[in-house]
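Residue numbers begin at 1 in each chain, while the letters A, B, ... track the order of the sequences. The structure presented is a predicted model; accordingly, all values stated were derived computationally and were not measured. Any value given below was found using the heavy atoms of this structure, including those in side chains, with hydrogens, waters and symmetry copies removed.
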Number of protein chains: 2
Amino acid sequence: MNDIADMLRAKGLKVTPQRLAIYQLLCGTTTHPSAEDIYKALMPTNPTISLATIYKTLDSFRSVGLVQELSVGNGRSNYDAAVHTHPHIVCTCCNAIQDFHLEHVEALHQEAAEKTGYVVEREQLLFYGICPACQAAGKTNCNPEPKD
Amino acid sequence: MNDIADMLRAKGLKVTPQRLAIYQLLCGTTTHPSAEDIYKALMPTNPTISLATIYKTLDSFRSVGLVQELSVGNGRSNYDAAVHTHPHIVCTCCNAIQDFHLEHVEALHQEAAEKTGYVVEREQLLFYGICPACQAAGKTNCNPEPKD
DNA sequence: TGTTAGATGATACTTATTATTATTCAATGA
DNA sequence: TCATTGAATAATAATAAGTATCATCTAACA
């Protein structure tokens with residue numbers, strides 16, 4: 001079969017059209033969609049897919065480490081098919097979520113363990129600011145404090 | 001008046017018993033309570049306080065920078081009266097949220113700005129692991145993957 | 001002390017997510 | 001290839017966090 005199917009089987013998950021569609025969608029985007037985003041994106045090609053299936057599938061994928069779940073504070077979860085942990089930056093203006101790379105993340109991990117005595121399993125490094133596009137559009141202060 | 005009252009006035013907020021109670025509670029704890037936690041904690045002394053007031057007050061406080069809101073992925077917001085940004089570590093076993101200090105956080109901020117082109121406003125550095133108490137209790141793998 | 005803008009409390013509502021359950025289907029082996 | 005079976009799906013009800021609404025109340029200030 002194809003690679004994705006083999007990978008799902010290797011993780012102990014049955015291969016279904018829904019799972020393939022969800023995983024392929026996630027692999028082909030850098031936008032960190034929510035469950036609802038995925039549902040809407042798959043509707044045209046998979047009109048009978050259920051939102052409940054999206055949620056359960058994402059949870060299964062997370063359980064076996066195929067995707068990571070982000071909580072950036074927008075009231076829902078966003079998903080990233082990248083397996084290795086990396087920082088994210090969120091535009092407080094257009095709500096885009098972008099991956100980037102920080103040097104020495106392992107050192108932070110280590111430092112956190114030393115400072116706290118925790119056995120550190122993972123981290124979520126989130127930055128918030130204004131993306132270049134919003135800066136260019138002059139939107140320098142879109143959601144500074146939502147309630148102002 | 002007292003310091004808290006003056007601070008609220010200085011931020012342009014009216015001083016009410018509810019606001020004083022909420023702020024004092026937050027200042028006197030390191031547990032990062034949720035709105036619901038605060039509501040329950042204040043019930044004995046403020047039996048008529050409304051949950052809606054808690055939410056609105058926390059939002060006002062956040063708007064003026066008196067508290068910071070955390071999204072650690074537990075489906076609700078947790079609040080911290082500390083104004084300066086600092087990392088948090090979450091026990092995946094007992095769900096405790098603990099403050100700690102990391103060196104060179106400003107450098108990360110700077111590096112994020114350089115790597116992404118964003119104007120970086122703030123960050124939320126979250127680590128997940130097993131706290132010393134849970135380790136001592138032998139709970140080394142409590143919520144590794146909630147759905148397993 | 002009276003006025004008034006803003007705060008509170010009660011509650012209805014929205015939205016994201018989870019639970020339930022009958023049906024369907026992928027994987028396995030005869 | 002077909003039957004079996006346990007897991008996955010779809011539909012939908014239920015839950016929970018947070019927000020909106022609005023009548024009442026009160027802190028701030030003249």
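- Between A:Glu69 atom CD and C:dT18 atom P there is a gap of 8 Å when expressed in whole angstrom units.
- Checked against D:dA8, C:dA10, C:dA5, the side chain of B:Ala52 finds its nearest nucleotide in C:dA10.
- Regarding B:Asp59, its CG atom lies at a distance of 11 Å from the P atom of D:dG18, rounded to whole Å.
- For the pair B:Arg9 CZ and D:dA27 P, the interatomic distance rounds to 11 Å; values are reported in whole Å.
- Side-chain N/O atoms of B:Thr53 include one lying less than 4.0 angstrom from OP1 or OP2 on C:dG9.
- The B:Leu13 side chain lies nearest to C:dA7 when the options are C:dA27, C:dA7, D:dA10.
- For B:Arg19 and D:dA27, the CZ to C1' distance is 10 Å, given to the nearest whole Å.
- The side chain of A:Arg76 contributes no N or O atom lying less than 4.0 Å from OP1 or OP2 of C:dT15.
- In this model, the phosphate group of D:dA10 is approached by a side-chain N or O of A:Thr48 to a distance below 4.0 Å at OP1 or OP2.
- Interface remark: the B:Lys56 side chain does not form any donor-acceptor pair with the C:dG6 base, using a distance-only criterion of under 3.5 Å.
- For B:Tyr55, no side-chain nitrogen or oxygen approaches OP1 or OP2 of D:dT19 to under 4.0 Å.
- Of the residues near DNA chain D, B:Val15 and B:Ser34, the one whose nearest nucleotide (by heavy atom distance) lies more toward the 5' end is B:Ser34.
- Place B:Pro47 and A:Asn74 on DNA chain C by their nearest nucleotides, and B:Pro47 ends up nearer the 5' end.
- Taking only side-chain nitrogens and oxygens, B:Ser77 never comes nearer than 4.0 Å to OP1 or OP2 of D:dA17.
- One can place CG of A:Leu70 at 12 Å from P of C:dT17, the figure rounded to the nearest angstrom.
- Summarising the geometry, the separation between CD1 on A:Ile54 and P on D:dT9 is reported as 10 Å, rounded to the nearest angstrom.
- For B:Gln18 and C:dG9, the shortest distance from a side-chain N or O to OP1 or OP2 is below 4.0 Å.
- Checking C:dA7, D:dA10, D:dT9 against the side-chain heavy atoms of A:Ile49 singles out D:dA10 as nearest.
- In summary, the side chains of A:Asn78 and A:His88 do not present any donor paired with an acceptor at a separation below 3.5 Å, with no hydrogens or angles considered.
- When each of B:Pro17 and B:Asn78 is assigned the nucleotide of DNA chain D bearing its nearest heavy atom, the one mapping closer to the 5' terminus is B:Asn78.
- Looking at A:Gln110 and A:Glu106, their side chains never bring a donor and an acceptor atom within 3.5 Å of each other.
- Ion pairing of B:Asp59 with B:Lys56 is absent here, as no side-chain N (NZ or NE/NH1/NH2) approaches a carboxylate O to less than 4.0 Å.
- In this structure, the CG atom of B:Leu20 is 13 Å from the C1' atom of C:dA7, given to the nearest Å.
- In summary, the side chains of A:Glu121 and B:Thr92 do present a donor paired with an acceptor at a separation below 3.5 Å, with no hydrogens or angles considered.
- At the heavy-atom level, B:Leu51 lies nowhere under 4.0 Å from the strands shown.
- Summarising the geometry, the separation between CD1 on A:Ile38 and C1' on C:dT17 is reported as 14 Å, rounded to the nearest angstrom.
- At least one donor-acceptor pair under 3.5 Å links the side chain of A:Tyr128 to the backbone N or O of A:Val72.
- For the 3.5 Å distance criterion, the side chains of B:Asp99 and B:His32 qualify, holding a donor opposite an acceptor.
- In terms of phosphate contacts, A:Thr57 brings no side-chain nitrogen or oxygen within less than 4.0 Å of OP1 or OP2 of D:dA8.
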